[in-house]
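Contents: one structure, followed by commentary.
Any value given below was found using the heavy atoms of this structure, including those in side chains, with hydrogens, waters and symmetry copies removed. Just follow the structure's listing: the first ligand is 1, and inside any ligand the first atom is 1.
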Amino acid sequence: MDAIPTIEVAALDGTAAERHACAEAIGRACREVGFFRIVGHGVEPALLQRAFAVAQGFFALPPEAKAAVALGPASGYRGYFPLRGEVTDPAAGGDPKEGFDIAFGAAGELNRWPAGLPELKTVLSAYYEAIAALGRTLSRGFALALELPEDFFAAKLDRPTAILRVLHYPPAGWPVDPAELPAGCGAHSDYGYLTILAQDTQGGLQVERRDGRWLDVPPEEGSFVCNIGEMMARWTADRFRATPHRVVRVAPGARYSIPFFFHPNPDVLIETLPTCRREGAPLYPPITSGDYLDRRQAGAYA
Ligand SMILES: O=C(O)CCC(=O)C(=O)O
Ligand SMILES: [Fe+2]
C-alpha cells in the first residue's frame, strides 16, 4: 500500500446500490487502514478557505489575547492551548504546535471567543456544522458497512460533543535535524469516533503502516482525510482500526490544519455493536461516550 484509499462519498446520497458500494469501500478502509481520503463531500471550498483564514487571524493575535481564552477543565477544554501545551506522544514531550478548540453540545456555550475577532465565531461555527453533517453522512456508510440499519448512528449523533480544532505549527529552522523528527505532532491514535481533517498545502502527515513504516498522506486539494478513533475501534470490538499517525516537518514554513473530532452524544453507551459481538466476554466493558471523552481529555494536556 503506497497511499490511503480515496473514496467518492457523494455516492452515499445515491441509489441503494451506490450507497452499499460506497459503504463497502469505507468499511474496507476502516478495517484495513483506519484512514481514507474523501472527495465528492459537498463542503464548499470557500467555507474551507475562510476557516483557514480565520485560523491564521487567530494565531496572529498577541500571546496575551490567546492566553485570555486558554482552555481547561472549567471551559470543558474549549479554548486555546499554547505551543508544547498538548502531549500526543509522552516520549517526545509537548508538541511544537498551538491550537484552539470549539465544541457545541449538551453543556451549552462554553466556547471561549477572543474579543475583536467576530468572524472567528461565525466562520468556525458554520464550518463545524458543515463537517458535523458530513460526519453524519459518513456514519450512514459505517452503518451499512457494519451490517446495521442505515440510520443506526443517526440518533446517536444528533447532540455530539464534537470538537473542532484549528492548529498552527509555527515555522522552524531548516533543515531539521532528522534526529529531531517528528517535529510536529507526535505519534498517536485519536481517541474519538471519527476524525475529519483538513490540512493546508504544507504536508507532513504520516500514517503508520502495518509493517511499521510511515506512509505519507500529502494534502490533495478538495479532499479531507478521515480516520477512525479509539472509541469507534472499541465500539466495533477492533473491527475498525484506530491507526497511529503523526506530523513531521517537511518544509520550513508554517503549517495550519483543522481536525474535527466527531463523537457520539455524551449519553450513548459504547458497548460492542450487535454485529461485532463474538463468543465469550466482550473485548471492552461498556462506557458512555461522555465518560470516555472526559477520561481521555483530562490526560491530554501538559
Ligand atoms: O495536524 C494534522 O494534520 C493532524 C493532527 C492530528 O493528528 C491530531 O490533532 O490528532
Ligand atoms: Fe490525530
Side-chain angles (χ1 to χ4, degrees), residues 3-4 30 33-38 48 51-52 55-56 58-59 71 77-103 124 127-128 131 135 161-172 181-209 214-221 223-233 240-251 253-263 292-293 296-297 299-302:
I4 60 170
C30 293
V33 194
F35 267 81
F36 54 100
R37 191 187 292 278
I38 58 169
L48 186 62
F52 276 105
Q56 291 191 19
F58 172 77
F59 290 116
L71 62 65
Y77 294 97
R78 290 135 167 106
Y80 172 71
F81 66 85
L83 212 59
R84 307 209 179 272
E86 196 197 28
V87 185
T88 40
D89 177 1
D95 290 338
K97 65 175 173 19
E98 52 180 347
F100 177 73
D101 285 5
I102 65 164
L124 291 190
Y127 184 76
Y128 185 105
I131 304 298
T161 318
I163 298 165
L164 178 65
R165 163 170 291 183
V166 293
L167 284 173
H168 174 220
Y169 302 77
L181 293 176
C185 180
H188 67 284
S189 48
D190 293 346
Y191 50 72
Y193 165 79
L194 162 70
T195 305
I196 302 176
L197 173 75
Q199 39 172 345
D200 70 5
T201 55
Q202 169 87 286
L205 177 66
Q206 296 183 325
V207 170
E208 193 176 40
R209 302 179 357 156
W214 291 97
L215 174 69
D216 287 324
V217 182
E220 278 179 21
E221 203 180 330
S223 73
F224 292 98
V225 172
C226 298
N227 66 280
I228 294 299
E230 288 163 26
M231 194 191 307
M232 186 54 158
F240 283 8
R241 289 157 52 85
T243 303
H245 52 283
R246 66 181 186 178
V247 178
V248 296
R249 184 167 280 287
V250 293
R255 179 176 187 272
Y256 294 86
S257 67
I258 312 184
F260 178 80
F261 302 104
F262 202 32
H263 310 127
Y292 185 78
L293 286 180
R296 298 301 302 266
Q297 267 177 334
Y301 299 96

Any residue meeting ring-ring contact (aromatic ring centres under 6.0 Å, His included) with Phe261, in chain and number order, not counting sequence neighbours | none

How many N, O or S atoms of the protein are nearer than 2.8 Å to the Fe ion (ligand 2)?
-> 3

Are the side chain of Ser257 and the backbone N or O of Leu167 linked by a donor-acceptor pair below 3.5 Å?
-> no

Looking only at non-hydrogen atoms, which of Gln202, Gln199, His188 approaches atom 6 (C) of ligand 1 most closely?
-> His188

Main-chain N/O of Asp101 paired to Tyr77 side chain as donor or acceptor, under 3.5 Å | no

Should Leu215 and Phe35 count as side-chain neighbours, where that means a heavy-atom distance under 4.5 Å?
-> no

Does some side-chain heavy atom of Cys185 sit less than 4.5 Å from a side-chain heavy atom of Tyr169?
-> yes

Using side-chain hydrogen bond (donor to acceptor under 3.5 Å, both in side chains) as the criterion, list what pairs up with Glu208, not counting sequence neighbours.
-> none

Contact with ligand 1 for Arg255, non-hydrogen, under 4.0 angstrom = yes

Sequence neighbours excluded and cut-off under 3.5 Å, please list the side-chain donor-acceptor pairs for residues 194-203, or say none.
from	atom 1	to	atom 2	distance (Å)
Thr195	OG1	Asp190	OD2	2.8
Gln199	OE1	Arg255	NH2	3.0
Gln199	NE2	Val217	O	3.0
Asp200	OD1	Gln202	N	2.9
Asp200	OD2	Tyr256	N	2.8
Gln202	NE2	Gly253	O	2.6
Gln202	NE2	Ala254	O	3.0

Report yes if some N/O of Lys97 lies less than 3.5 Å from some N/O of ligand 1; otherwise report no.
-> no

Kindly assign one of parallel, tilted or perpendicular to the pair His263 and Tyr191, based on the angle between their ring planes and the thresholds 30° and 60°.
-> parallel

Structural part of Leu197 in contact with ligand 1, heavy atom criterion under 4.0 angstrom | side chain

